[in-house]
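One-based numbering along the sequence shown. All values reported here derive from a predicted model rather than from experimental measurement.
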Amino acid sequence: MPNPKKRIVVAITGATGALYAIRTLHKLKQLPDVETHVIVSPSGLLNLQHELSLQRADLLELVDVMHNFKDIGATVASGSFKTDGMIIVPCSMRTLAAVAHGLADNLITRAADVVLKERRRLVMVVRETPFNLAHLRNMTAVTEMGAVVFPPLPAFYFQPQTITELVDHSVVRMLEHLDLELDGPAWAGL
């Protein structure tokens, strides 16, 4: 029997930008037809703690299923487990490199590998600046594999008043790439 909800895998890695991850989970929680499967790397957990004073337990109210980073046998590690896409938010350069080179050595990189091999949507919210040549080549590689590389660059045309408004604008745009519709500011032209 098919799952009536859209299954979205959310991976949180060790790049700065934990707020993007939390706002993504908040936005997905607002969608009753979405089931979230979340994986947090050890470095991702450190950033949640450092940047937002959050613990792993704080995420539980925002997710449907929490997977262990080391559990390579989890459901999301198999192509037979139907998902509607994956977002890695934020995405470290280490995770980008691992996905670009097919190194499925933990549940995040294995789930990303599965999403790509099954021709599902993968959004990688890369967080680094400036980019070096290895970063750019890895971004090219994952793009050629079908992933969407989405650096969360702020938009100012809607005149944001808070950091949360800036972050939410990017989050809504990211989720659009997973065929999820949320309300948010859109360019209306001049």
Student check: side-chain heavy atoms of V123 and L178 closer than 4.5 Å: yes
Test log, rule side chain to side chain contact (heavy atoms under 4.5 Å, CB included), inputs V148 and M174: CA-CA 9 Å; V148 174; M174 293 169 205; over 6 Å; no
Note, E118 side chain near F81 side chain (heavy atom, < 4.5 Å): no
Donor-acceptor under 3.5 Å (E35 side chain, K5 main chain): no
Side chain proximity check, H26 to K29, heavy atoms < 4.5 angstrom: no
Closest contact, heavy atoms only, A112 versus I88: CB-CD1, 4.2 Å
Over 12 non-hydrogen atoms of neighbours within 6.0 angstrom of CD in Q159: no
Flag if over 12 foreign heavy atoms under 6.0 Å of CZ, R120: yes
Heavy-atom pair of closest approach, residues F156 and P160: O-CD, 3.8 Å
Considering all heavy atoms, the nearest M86-A111 contact: SD-C, 3.7 Å
Close side-chain approach of M66 and L60, heavy atoms under 4.5 Å: yes
Nearest atoms (heavy-atom pairs only) where D58 meets S53: OD2-O, 4.2 Å
From CZ (R119) to CZ (R121), nearest 0.5 Å: 13.0 Å
Inter-residue atom distance R23.CZ - L28.CG, 0.5 Å rounding: 11.0 Å
Nearest-0.5 Å distance, NE2 of residue H37 to OG1 of residue T83: 8.5 Å
Derivation and outcome, side chain to side chain contact (heavy atoms under 4.5 Å, CB included), residues N138 and M93: CA-CA 9 Å; N138 288 334; M93 291 298 112; over 6 Å; no
Inter-residue atom distance L25.CG - I8.CD1, 0.5 Å rounding: 12.0 Å
Approximate separation, where rounding is to 0.5 Å, of N106 CG and I72 CD1: 6.0 Å
Same apolar cluster (I L V M F W Y, side chains within < 4.5 Å links), I39/I87: no
Cluster link L62 to I108, ILVMFWY, side chain under 4.5 Å: no
Backbone N/O of S92 and side chain of T13: donor-acceptor pair under 3.5 Å: yes
Considering all heavy atoms, the nearest L116-G146 contact: CD2-C, 4.3 Å
Close side-chain approach of R110 and V76, heavy atoms under 4.5 Å: no
Polar side-chain atom of H135 near backbone of N132 as donor-acceptor pair, under 3.5 Å: yes
Any L103 side-chain heavy atom under 4.5 Å of T109 side chain: no
Donor-acceptor contact below 3.5 Å, side chain D113 vs main chain G102: no
same_hphob_cluster(F150, M139) at 4.5 Å side-chain heavy-atom cutoff: no
Heavy atoms of other groups near R137 CZ, more than 12 under 6.0 Å: no
Contact check, side chains of P151 and V125, non-hydrogen atoms, under 4.5 Å: no
S80-S78 side chain donor-acceptor pair, cut-off 3.5 Å: yes
Shared hydrophobic cluster, I163 / F158 (ILVMFWY, side-chain heavy atoms < 4.5 Å): no
Residue pair L107 / D71: nearest heavy atoms and the distance that separates them: CD1-O, 3.4 Å
Pair D168-T164, side-chain donor/acceptor within less than 3.5 Å: no
Gap between atom OG1 of T140 and atom CE of M145 - 0.5 Å precision: 10.5 Å
Same apolar cluster: V167 and Y157, side chain cutoff 4.5 Å: no
Y20 six-ring centre to R127 NZ/CZ under 6.0 Å and within 45° of normal: no
Partner of K27 by side chain to side chain contact (heavy atoms under 4.5 Å, CB included), out of V171, L180, D183: V171
Step-by-step side chain to side chain contact (heavy atoms under 4.5 Å, CB included) determination, T75 to H67: CA-CA 9 Å; T75 55; H67 296 280; 3.4 Å; yes
Test item: L59 and L48 side chains (from C-beta on) under 4.5 Å apart, heavy atoms: yes
